[in-house]
Protein chains: 2
Amino acid sequence: MPGLDDTDHEILQLLLEDARRPYSDIAERVDLSAPAISDRVDRLVEMGLIQGFTVDVDRSLLQAGVPVLIEVDAKPGRAADIAASVSDADSVERVYRTAGGRVMLAATVPQSDASELLAEHVDLGDVNRYEVRMIADSEWAVGLGGAEFAPDCAECGNSVDEEGEQRTLDGERYYFCCGSCAERFVDQYESLKDGV
Amino acid sequence: MPGLDDTDHEILQLLLEDARRPYSDIAERVDLSAPAISDRVDRLVEMGLIQGFTVDVDRSLLQAGVPVLIEVDAKPGRAADIAASVSDADSVERVYRTAGGRVMLAATVPQSDASELLAEHVDLGDVNRYEVRMIADSEWAVGLGGAEFAPDCAECGNSVDEEGEQRTLDGERYYFCCGSCAERFVDQYESLKDGV
DNA sequence: ATTGAAAGAATATATAT
DNA sequence: ATATATATTCTTTCAAT
């Protein structure tokens, strides 16, 4: 199990601040060569820590309206469907599905008309109740702190330490707390796949 | 007031998918030259539509624990402070402050112990009540849809159309629905600044 | 917005620590 | 295993149109 050293943290932090920063610039700041940065970034992507490079779009400029947080209390078993269908809406920026059958959306809706957004994208028969609140302010963390690389075991959910293992299945990387969890997971994964 | 054409939309969409994609690659896809892409991206940044280039970090791999949504019901007037102080916590990924004195956090906390996170970063005397819910699934929109560039007037809040105006104050760009709103805003801005 | 030239950055390979 | 130096390739930027 590869951990993260201080340099990895610095690289991550620098990329969080500006993902188009040249590797040579990063290299200089962390006292390494550009190829070394390239290798490390590749590794961070491989590890699944960097999920992608993206652009921070101010959606409030794109969609006339006010930013709101909508909390949807779904009927039993309907939350996943609601989360999936609502995320197709152009005005929806982020979707969280939580335990207890609730779905929280951050969206920008015209003159605080959230009901229309829901009516268009979800079956209101699936909804018990919903609540809309205007967002006054939102921000996202650009800091990482001294966080450790600490994935959860894909099989049992325990945290993975130095003795952990990893497997790559269909391009996705999975982490495990021990060899037996890894094997159990892989077996299950493959039998599921054979079934298809 | 400059609008967005289809090409701008495509560029934005391509950058959302991969912000490190070379401009030459984008150029090919939208049938333009690389320098043209560079100019347009610069304009999108100037407009404030692109707020920055960043990296999508899987924080659940960095912080041992489970992802949760924490809803904090703040005492009157304390929400802004809570939002500010809590966003310093390493485990907090996103903070929304909504009308009605509530703060919603997306965070990753060790063995669903959210109270510790709050206790460490906010004065619990400021809090009426809070609720923690495990996040089962979360995703963010990578699509833009056919959204129009539709900023709200910085002065009156109405939507800004073709006849709108824009001013740049201390490097920040502001949009207005009409000239008088722009003037009022600038006057107020400057008198506030003089006061300091 | 394009072209073409020049500067600059990323990667592959071989090599050294 | 991990970093480096160099060479090659690919990108971006700048000027002129």
Side-chain angles (χ1 to χ4, degrees), chain A residues 1-57 144 147-151 160-168 171 173-176 179 182, chain B residues 1-47 49-57 61-62 149 162 171:
Chain A
M1 256 276 304
L4 290 190
D5 61 18
D6 290 350
T7 307
D8 291 320
H9 275 118
E10 279 186 80
I11 294 173
L12 226 33
Q13 181 65 52
L14 289 166
L15 286 175
L16 270 170
E17 285 161 17
D18 178 7
R20 278 193 90 102
R21 200 193 293 269
Y23 288 173
S24 52
D25 175 302
I26 299 176
E28 212 172 290
R29 289 168 195 259
V30 305
D31 269 316
L32 246 61
S33 67
I37 304 299
S38 172
D39 288 350
R40 278 175 182 258
V41 172
D42 287 350
R43 206 183 94 241
L44 292 170
V45 172
E46 279 242 306
M47 285 169 92
L49 230 134
I50 292 180
Q51 302 234 285
F53 297 88
T54 187
V55 89
D56 181 11
V57 173
L144 229 43
E148 278 309 303
F149 182 59
V160 175
D161 64 10
E162 290 299 309
E163 268 100 74
E165 309 214 354
Q166 53 186 310
R167 299 290 141 87
T168 306
R173 179 153 310 200
Y174 297 91
Y175 297 94
F176 305 94
Chain B
M1 257 275 304
L4 290 190
D5 62 17
D6 290 350
T7 307
D8 290 320
H9 274 118
E10 279 186 80
I11 293 172
L12 226 34
Q13 181 65 53
L14 289 166
L15 286 175
L16 271 170
E17 285 161 16
D18 178 7
R20 278 194 91 100
R21 199 192 296 268
Y23 288 173
S24 52
D25 174 302
I26 300 177
E28 209 173 293
R29 288 167 195 261
V30 305
D31 268 316
L32 244 61
S33 67
I37 304 299
S38 170
D39 288 350
R40 279 175 183 257
V41 171
D42 286 350
R43 208 183 93 242
L44 292 170
V45 171
E46 279 242 306
M47 287 168 90
L49 228 128
I50 292 180
Q51 303 235 284
F53 296 88
T54 186
V55 90
D56 180 12
V57 174
L61 285 178
L62 264 184
F149 182 59
E162 289 300 307

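In the text below, chain A, chain B and the rest are named by the order of the sequence lines, each starting its count at 1.
Taking S33(B) as the reference, P35(B), A36(B) meet the side-chain contact (heavy atoms from CB on, under 4.5 Å) condition, with sequence neighbours excluded. In this structure, E28(B) has no salt bridge (Lys or Arg N to Asp or Glu O under 4.0 Å) partners at least two apart in sequence or on a different chain. For the side-chain hydrogen bond (donor to acceptor under 3.5 Å, both in side chains) test, no residue two or more places apart in sequence or in another chain qualifies with D42(B). A search for side-chain contact (heavy atoms from CB on, under 4.5 Å) contacts involving D39(B) returns nothing, not counting sequence neighbours. Listed by chain and number, the residues in a side-chain contact (heavy atoms from CB on, under 4.5 Å) with R29(A) are L14(A), R21(A), D25(A) (sequence neighbours excluded). Residues satisfying the salt bridge (Lys or Arg N to Asp or Glu O under 4.0 Å) criterion with E10(B), sequence neighbours excluded, are absent altogether. Applying the side-chain contact (heavy atoms from CB on, under 4.5 Å) test to Q51(A) and every residue at least two apart in sequence or in another chain returns D56(B), D58(B). Residues satisfying the ring pair (Phe, Tyr, Trp, His ring centres under 6.0 Å) criterion with Y23(A), sequence neighbours excluded, are absent altogether.
Rounded to 10°, the helix from dA1(C)-dT17(D) to dT17(C)-dA1(D) has 40° between the axis fitted to its first five pairs and the one fitted to its last five.
Between the CZ atom in R173(A) and the OG1 atom in T168(A) there is a gap of 4.0 Å [rounded to 0.5 Å].
Residue L32(B) is classed as a sugar-phosphate contact, given heavy-atom separations below 4.0 Å to backbone atoms only.
Geometric assessment of R167(A) against the ring of Y174(A) yields a negative cation-pi assignment under the 6.0 Å and 45° thresholds.
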Treat primed atoms plus P, OP1 and OP2 as sugar-phosphate and everything else as base, then score nucleotides 12-17 of chain D 5' to 3': B for base contact with protein heavy atoms under 4.0 Å, S for sugar-phosphate contact only, - for none. SBB---
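Running 5' to 3' along DNA chain C, contacts with non-hydrogen atoms of chain B at under 4.0 Å begin and end at dA1(C) to dA10(C).
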